[in-house]
Amino acid sequence: MLRSGVTDVCQPRTELTIRTVDWDHPDAEALRAAMAAEVGPRYADRAALMSKTQANAVDESSVHRTFVVYRRDSEGAERAVGHAALRWNGPDLELKRMFVHPDHRGTGVSAALLQASENSVRDQGLPRLILQTGDRQPDAVRLYEKNGYTRIPVFPPYEVLPFSNTFEKRL
């Protein structure tokens with residue numbers, strides 16, 4: 001479990017805790033639903049294309065690890081604020097469903113999720129972490145580039161999604 005103190009501009013000092021949970025854990029499911037509600041409308045005009053492919057679907061049996069970040073506030077209440085999962089994609093681990101609740105962006109949650117994910121890949125002895133994000137998620141692209149991820153050619157199964165941005169980070 002990774003712990004780090006975070007000081008927010010608008011909030012008193014809070015604590016982050018990262019937990020490994022099952023893919024179907026209620027907090028993980030709630031965060032993925034929040035992500036779908038936020039990101040889904042950006043791609044509504046591509047719904048027909050998306051329905052023809054399962055490229056972006058996650059088969060639970062391929063999931064290596066699911067992380068949820070919890071933030072404890074000054075009153076001691078804990079709230080799930082971030083999610084990331086790693087799935088096997090051939091010989092690589094791929095980052096999937098990285099999401100931080102909008103109220104907690106810019107507070108270290110994404111950095112903590114990336115660190116936990118990268119450490120998990122290192123623990124497997126793998127040389128890189130790969131990921132895909134869409135062309136209508138510029139904040140995600142900036143986050144990954146800022147954290148040392150570089151663009152790579154589109155990898156399976158995303159070749160059927162022409163708007164894919166694909167990245168790797170050498171570890």
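Under the side chain to side chain donor-acceptor pair (under 3.5 Å) criterion, Asp59 pairs with Ser61, sequence neighbours left out. Taking the side chain to side chain contact (heavy atoms under 4.5 Å, CB included) definition, one finds that Ser117 meets it with Phe67, Ala84, Leu86, Leu95, Leu129, sequence neighbours left out. With sequence neighbours left out, the side chain to side chain donor-acceptor pair (under 3.5 Å) criterion links Arg79 to His101, His104. Arg128 is linked by a side chain to side chain contact (heavy atoms under 4.5 Å, CB included) to Asp92, Ile130, Ile152, Glu168, Arg170, counting only residues two or more places apart in sequence or in another chain. Shown here are the side chain to side chain donor-acceptor pair (under 3.5 Å) partners of Arg32, two or more places apart in sequence or in another chain: His83. Remark: Tyr144 pairs with Tyr149 by the ring-ring contact (aromatic ring centres under 6.0 Å, His included) rule, at least two apart or across chains. Every residue meeting the side chain to side chain contact (heavy atoms under 4.5 Å, CB included) condition with Ala80, not counting sequence neighbours, appears here in chain and number order: Asp27, Leu31, Val68, Tyr70. Take Phe167 and apply the ring-ring contact (aromatic ring centres under 6.0 Å, His included) test, not counting sequence neighbours, and it matches no residue. Under the side chain to side chain donor-acceptor pair (under 3.5 Å) criterion, Thr166 pairs with no residue at all, not counting sequence neighbours. Residues forming a side chain to side chain contact (heavy atoms under 4.5 Å, CB included) with Gln124 (at least two apart in sequence, or on another chain): His64, Trp88, Leu93, Leu126.
With hydrogens and angles ignored, the 3.5 Å screen pairs no side-chain donor or acceptor of Asp22 with any backbone N or O of His25. Between the side chain of Arg97 and the main chain of Ala85, no donor-acceptor pair closer than 3.5 Å is present.
Atoms CD and CG, on Glu145 and Asn165 in that order, are 8.5 Å from each other to the nearest 0.5 Å. Interatomic distance, Glu78 CD to Arg71 CZ, rounded to the nearest 0.5 Å: 11.5 Å. The distance from the CG atom of Leu131 to the CE atom of Met98 is 9.0 Å, given to the nearest 0.5 Å. From Leu143, atom CG reaches atom CD of Gln137 across 11.5 Å, with rounding to the nearest 0.5 Å.
Nearest approach of Ile18 to Ala116, heavy atoms of both residues: CD1-CB, 4.0 Å. Contact detail for Asn89 and Pro157: the closest heavy-atom pair is ND2-CD, 3.8 Å. Taking every heavy atom of both residues into account, Arg65 and Ser120 meet most closely at NH1-OG, 2.9 Å. Contact between Ser164 and Val154 at its shortest, heavy atoms only, is O-CG2, 4.3 Å.
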message = For Leu113 and Val69: C-alpha separation, side-chain torsions, deciding distance, then whether side-chain contact (heavy atoms from CB on, under 4.5 Å) applies.
response = CA-CA 7 Å; Leu113 284 165; Val69 175; 3.5 Å; yes
ask   = What do the steps show when you test Glu15 against Thr17 for side-chain contact (heavy atoms from CB on, under 4.5 Å), and what is the final call?
value = CA-CA 7 Å; Glu15 185 177 288; Thr17 303; 3.9 Å; yes
request  = May I have the step-by-step check of side-chain contact (heavy atoms from CB on, under 4.5 Å) for Trp23 and Val58, ending in yes or no?
outcome  = CA-CA 10 Å; Trp23 174 258; Val58 176; 3.7 Å; yes
inquiry  = Using side-chain contact (heavy atoms from CB on, under 4.5 Å), reason through Val141 and Arg151 one step at a time and then give a plain yes or no.
reply    = CA-CA 10 Å; Val141 170; Arg151 290 180 186 266; 3.3 Å; yes
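Residue pairs meeting the salt bridge (charged side-chain N to carboxylate O under 4.0 Å, His left out) criterion with at least one member in residues 104-116, sequence neighbours excluded: Glu38-Arg105. Annotation: salt bridge (charged side-chain N to carboxylate O under 4.0 Å, His left out) contacts involving residues 111-125, sequence neighbours excluded, comprise Glu118-Lys169.
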